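Notes to accompany the following structure.
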Amino acid sequence: MAADLFETYCVTTVAAMLLGHLIFGSTLPGATTFPILIGAVSIVASIIGSLFVGVGSVTKSSIMGALYRGMIVAGVLALIGFWFITRLVFSGGSVTPLSVFICALVGILITGFITFITEYFTGTQFSPVQRIAKASTTGHATNIIAGLAVSMQGTALPAIVIVIGILVSYGFAGVYGVGIAVMAMLSMAGIVVAIDAFGPITDNAGGIAEMANMPQDVRNCTDPLDAVGNTTKAVTKGYAIGSAALAAIVLFASFIQELTQHSCPGLGAACSSAITNLFAIGNPYVLAGLFIGGLLPYLFASLAMEAVGRAGGFVVEEVRRQFREIPGIMEGTAKPDYGTTVDIVTRAALREMILPALIPVGVPVVVVLLSVWNVLPGNSGAQMMGGILVGSIVTGLFVAISMTTGGGAWDNAKKYIEDGHFGGKGSVAHAAAVTGDTVGDPYKDTAGPAINPMIKVLNIVALLLVGFLVH
């Protein structure tokens with residue numbers, strides 16, 4: 001759980017440290033270790049913030065309010081700590097403490113905005129989910145159409161927030177400032193993962209209450225917890241993908257810096273400018289890389305979706321077999337064989353992800369081989385690699401956000417109908433919403449979140465192989 005966040009956290013820390021070393025070097029050694037200090041401060045802030053989470057009465061608004069209270073307390077405490085460590089590290093340096101602190105502030109604000117935006121598009125109390133629920137009254141197809149529309153609309157505001165964050169942080173401290181903004185954003189992972197864990201815990205609690213035929217007053221408690229849990233899972237995925245996009249930009253900046261170091265070490269700004277000019281948008285190799293990079297998230301997501309479909313098919317066949325061969329399952333006099341179905345899913349998860357996993361590792365290797373064999377002459381290999389990285393970041397961000405937002409909205413549209421709206425359980429609307437939720441599950445739980453590590457693995461492999469692109 002939250003493996004993508006852990007991976008993003010580690011990669012961003014290293015990338016920001018690498019940028020600090022490459023940009024400032026020995027003139028400001030604290031810039032290299034500063035990202036670690038940010039993480040250390042926020043760990044303490046997150047622990048304290050978690051102590052402020054608690055509710056009296058169980059309602060959807062009170063639950064989200066309690067979770068947000070913990071996040072806000074953690075964010076405020078982290079910012080107070082950031083102010084003191086920026087003054088300690090950057091006083092007298094080439095970049096002012098205030099500039100670095102503003103970049104960290106930008107990262108915390110991006111976290112807040114993306115959290116609230118994702119809740120708006122996935123919460124049962126807001127219109128996007130309610131529109132999907134209403135569309136379900138006219139059938140399965142209209143449910144899918146409404147869900148796809150919401151998933152696409154959900155990409156706009158997070159993208160605008162990320163763009164503003166990049167421009168502001170870059171304006172105050174350059175590429176290093178973007179790295180600090182991402183690190184500050186990711187430093188809140190402690191409290192965010194705690195909020196994320198709320199989702200599956202309450203989901204399973206609701207499942208236990210339903211399967212055990214517990215009284216309605218118990219369900220009245222677990223149902224709002226479950227609905228909020230769906231939102232918190234979507235919020236965390238939105239946070240993870242937004243941070244991944246920013247982290248990928250930092251990794252790309254590190255790729256440029258490493259390319260500069262390998263191409264002409266010691267020549268300074270003139271060489272850096274020449275390397276940057278290699279990636280002019282009109283260059284055919286850069287354009288080719290942009291198209292290749294742009295298609296990778298779509299290809300990766302399609303393979304992940306197909307994998308879920310095939311695994312689901314195997315499970316359905318196994319369940320049908322058990323109903324045929326084990327009498328008494330429906331009457332409750334015999335127990336089904338759960339272990340076999342779990343084994344099917346586990347084996348499928350390992351087997352089906354081999355091909356998608358080869359994409360982010362294999363594509364940079366192929367480009368390097370083409371460059372080494374002079375199929376891509378001169379610097380064209382580096383130009384194509386740069387285009388691939390940028391293309392994957394741009395399309396990957398939108399595909400991932402649309403999938404996770406749409407999946408969460410489909411899930412909660414079903415929950416909204418089950419709460420008694422548009423006919424409630426057993427209605428035509430509910431049947432259509434179940435279909436939407438089934439489509440949304442691989443959207444939000446498999447393909448969407450997996451694009452996050454795919455983008456970063458692609459950037460990391462390219463960063464490791466950059467020396468082979470220089471002739």
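Since this is a predicted model, take the numbers as computed values, not measurements.
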From CA spacing to verdict: side-chain contact (heavy atoms from CB on, under 4.5 Å), L5, Y239 | CA-CA 9 Å; L5 268 179; Y239 163 83; 3.4 Å; yes
Once rounded to the nearest 0.5 Å, what's the spacing between atom [atom1] of [X] and atom [atom2] of [Y]?
X	Y	atom1	atom2	answer
I117	I160	CD1	CD1	8.0 Å
Q216	N213	CD	CG	11.5 Å
M353	T446	CE	OG1	8.0 Å
K414	T435	NZ	OG1	11.0 Å
N412	I417	CG	CD1	11.0 Å
L296	T395	CG	OG1	7.5 Å

Can you tell me if [atom1] on [X] sees more than 12 non-hydrogen neighbours from other groups inside 6.0 Å?
X	atom1	result
Y170	OH	no
F172	CZ	no
F6	CZ	no

Non-hydrogen side-chain atoms of [X] and [Y] separated by less than 4.5 Å:
X	Y	result
Y120	S127	yes
Y68	T115	yes
R131	P128	yes
I359	L303	yes
F198	I63	yes
V193	T236	no
L397	I241	yes
I326	P336	no

Considering all heavy atoms, the nearest [X]-[Y] contact:
X	Y	answer
F314	R351	CE1-NH2, 3.8 Å
I344	A311	CG2-O, 4.5 Å
A357	P360	O-CD, 3.3 Å
S169	C103	O-SG, 3.4 Å
A301	I451	CB-CD1, 4.0 Å
Y416	H421	O-ND1, 2.9 Å

Counting distance only, does the side-chain N/O of [X] pair as donor-acceptor with the main-chain N or O of [Y] below 3.5 Å?
X	Y	result
S392	I455	no
T155	S151	no
T12	Y9	no
S42	G39	no
Y443	S402	no
T137	A133	no
E418	G424	no

Side-chain donor-acceptor pair present, N143, W410, cut-off under 3.5 Å | yes
Look at the rings of F101 and W83 and say which category their plane angle falls in: under 30° parallel, 30 to 60° tilted, over 60° perpendicular.
-> perpendicular
V53 and R69: CA distance, side-chain angles, deciding distance, side-chain contact (heavy atoms from CB on, under 4.5 Å) verdict | CA-CA 7 Å; V53 177; R69 183 166 61 248; 6.0 Å; no
Passes side-chain contact (heavy atoms from CB on, under 4.5 Å), N459 versus F255? Steps please.
-> CA-CA 8 Å; N459 279 266; F255 171 79; 6.0 Å; no
R347 and D343 ion-paired at < 4.0 Å | yes
Mind running side-chain contact (heavy atoms from CB on, under 4.5 Å) on F34 and M183 for me, showing each step along the way?
-> CA-CA 10 Å; F34 185 68; M183 194 60 223; over 6 Å; no
